[in-house]
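Read through the structure below, which is laid out as structure tokens, and then see the notes.
Order of the sequence lines fixes the chain letters, A, B, ..., with proteins taken first and strands second; residue numbering starts at 1 for each chain. Values in this document were obtained by computation on a predicted structure and should not be read as measured data.
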There are 2 protein chains.
Amino acid sequence: MITSFAGESKNFLDDKSRLSIPAKYRRWISGEDAECTFFITKGSDPCLVAYPEPEWEIFTEKLQQLSQFKKKNRSFIRTWSRNSIRLKCDKQGRVLLPQEHLNFANIKKEVIIIGALNYLELWDPETLEKHQESQIPLDDDYYEDLADIL
Amino acid sequence: MITSFAGESKNFLDDKSRLSIPAKYRRWISGEDAECTFFITKGSDPCLVAYPEPEWEIFTEKLQQLSQFKKKNRSFIRTWSRNSIRLKCDKQGRVLLPQEHLNFANIKKEVIIIGALNYLELWDPETLEKHQESQIPLDDDYYEDLADIL
DNA sequence: TATAATTGTGGGTAGATGTGGGGAGAAATC
DNA sequence: GATTTCTCCCCACATCTACCCACAATTATA
């Protein structure tokens, strides 16, 4: 089965930098909320991206095909890996986010959690709003191309 | 199962040149942190590279395919082998790094440990920063090629 | 509507982790 | 064989992590 998130929630970091993952997403991954592990990385946009472990494994298996005797591969893998961390939910369904990552996404206290197909995005509300405003609207060409697969 | 490290930590050498391997990586290898053995070698970049024992074995098997009747192969294998040492974690999860290797990677006290798929990289912080700055950014061609496998 | 269950948040505390250093035994050197 | 050096066990301890319990707010159920 393919993980497929949807929707949006707003939660708050507590004083220990812990974030509750909305229960609906936890249930999405593991039928019951037993174990629940995410890989969190810095997004291409100024937000954090969280993949459930199974999705992550699919991706890393592919990456392992890259030979480490090519300089560019090492560079790519290094950058990717440095920004990625494995986070396990605690018994209350929270993950402890490192300060480094919070800074990257400009997250202080409030966090918007967006379910996007097979990953979650974590946004600072203000940053998200500004980012949306600055986006170039999608043009007809884009939809034309989109039509090729949809 | 494939080993697949991720993330980054900062630890310190103690006065005896011992380095704590972050517990998350030790657990990653052996479900419980029982035995934990690494092969450490000098990287293609100015850092040390640590393979968990099983990964090392896979790698050496591949090396055996190189014909020893080619001068360059002999040279490569010789250099590789000379620089590789087997290090077992002590009961506190530390490995004793030889001075020779520390010098190679320019490691003094602080060590950045990067989990990179099936190996770990050990960096001196300054050296890492300089190295990253001096890298040619990955170009479009690279990502085009990458798209073939991802 | 009233009651029960779930969810998100807060905070105390036991245990895990990283670091330092003493000292016993092994290995190397003289 | 004696001395020195090296390695690895042990204990110690500050810091960090993740468990537990608690409770308010929300949602679901009777």
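- We find that CG of A:Asp90 is positioned 16 Å from P of C:dA16, with the value rounded to whole Å.
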Polar pairs (N or O, both sides) under 3.5 Å between protein and nucleotides 20-24 of chain C?
{"from": "C:dG20", "atom 1": "N7", "to": "B:Arg94", "atom 2": "NH1", "distance (Å)": "3.2"}
{"from": "C:dG21", "atom 1": "OP2", "to": "B:Asp15", "atom 2": "OD2", "distance (Å)": "3.1"}
{"from": "C:dG21", "atom 1": "N7", "to": "B:Arg18", "atom 2": "NH2", "distance (Å)": "3.1"}
{"from": "C:dG21", "atom 1": "O6", "to": "B:Arg18", "atom 2": "NH1", "distance (Å)": "3.4"}
{"from": "C:dG21", "atom 1": "O6", "to": "B:Arg18", "atom 2": "NH2", "distance (Å)": "3.4"}
{"from": "C:dG21", "atom 1": "O6", "to": "B:Arg94", "atom 2": "NH2", "distance (Å)": "3.2"}
{"from": "C:dG22", "atom 1": "O6", "to": "B:Lys16", "atom 2": "NZ", "distance (Å)": "2.7"}
{"from": "C:dG23", "atom 1": "O6", "to": "B:Lys16", "atom 2": "NZ", "distance (Å)": "3.3"}

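- Looking at B:Glu121, B:Glu8, B:Gln135 one by one, the single match for side chain to side chain donor-acceptor pair (under 3.5 Å) with A:Arg78 turns out to be B:Glu121.
- Around NZ of B:Lys71, the count of heavy atoms belonging to other residues, nucleotides or ligands within 6.0 Å does not exceed 12.
- For the residue pair A:Gly115 and A:Tyr25, the shortest heavy atom distance occurs at N-OH, 3.4 Å.
- For A:His101 (side chain) and A:Asn83 (main-chain N/O), a donor-acceptor pair under 3.5 Å exists by modelled atom type.
- In this entry the distance linking CZ of B:Arg86 with P of D:dC8 reads 11 Å, nearest Å.
- Atom CD1 of A:Ile136 is surrounded by 12 or fewer heavy atoms from other residues, nucleotides or ligands within 6.0 Å.
- Atoms CG (B:Leu87) and C1' (D:dT7) sit 12 Å apart, rounded to a whole Å.
- We find that OH of A:Tyr25 is positioned 11 Å from P of C:dG8, with the value rounded to whole Å.
- What separates CZ of B:Arg27 from P of D:dT17 is a distance of 12 Å, to the nearest Å.
- Rounded to whole Å, atom P of C:dT19 lies 11 Å from atom CD1 of B:Ile21.
- Side-chain atoms of A:Arg86 do not come within 3.5 Å of backbone N or O of A:Thr37 as any donor-acceptor pair.
- Judged purely by atom type and a 3.5 angstrom limit, B:Asn11 uses its side chain to pair as donor or acceptor with the backbone of B:Ser20.
- The distance between atom CD1 of A:Ile113 and atom C1' of C:dT9, rounded to the nearest whole Å, is 13 Å.
- Atoms CG (B:Leu96) and C1' (D:dC9) sit 13 Å apart, rounded to a whole Å.
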Do any N or O atoms of the protein come closer than 3.5 Å to N or O atoms of nucleotides 24-28 of chain D, and which pairs are they?
none

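- For the pair B:Arg26 and C:dG18, the criterion of a side-chain N or O lying under 4.0 Å from OP1 or OP2 is met.
- Applying the ring-ring contact (aromatic ring centres under 6.0 Å, His included) rule to B:Phe59 yields the partners B:Tyr51, B:Trp80; only residues at least two apart in sequence or on another chain are considered.
- Taking a 6.0 Å sphere around CG of A:Asp139, one finds it holds more than 12 heavy atoms contributed by other residues, nucleotides or ligands.
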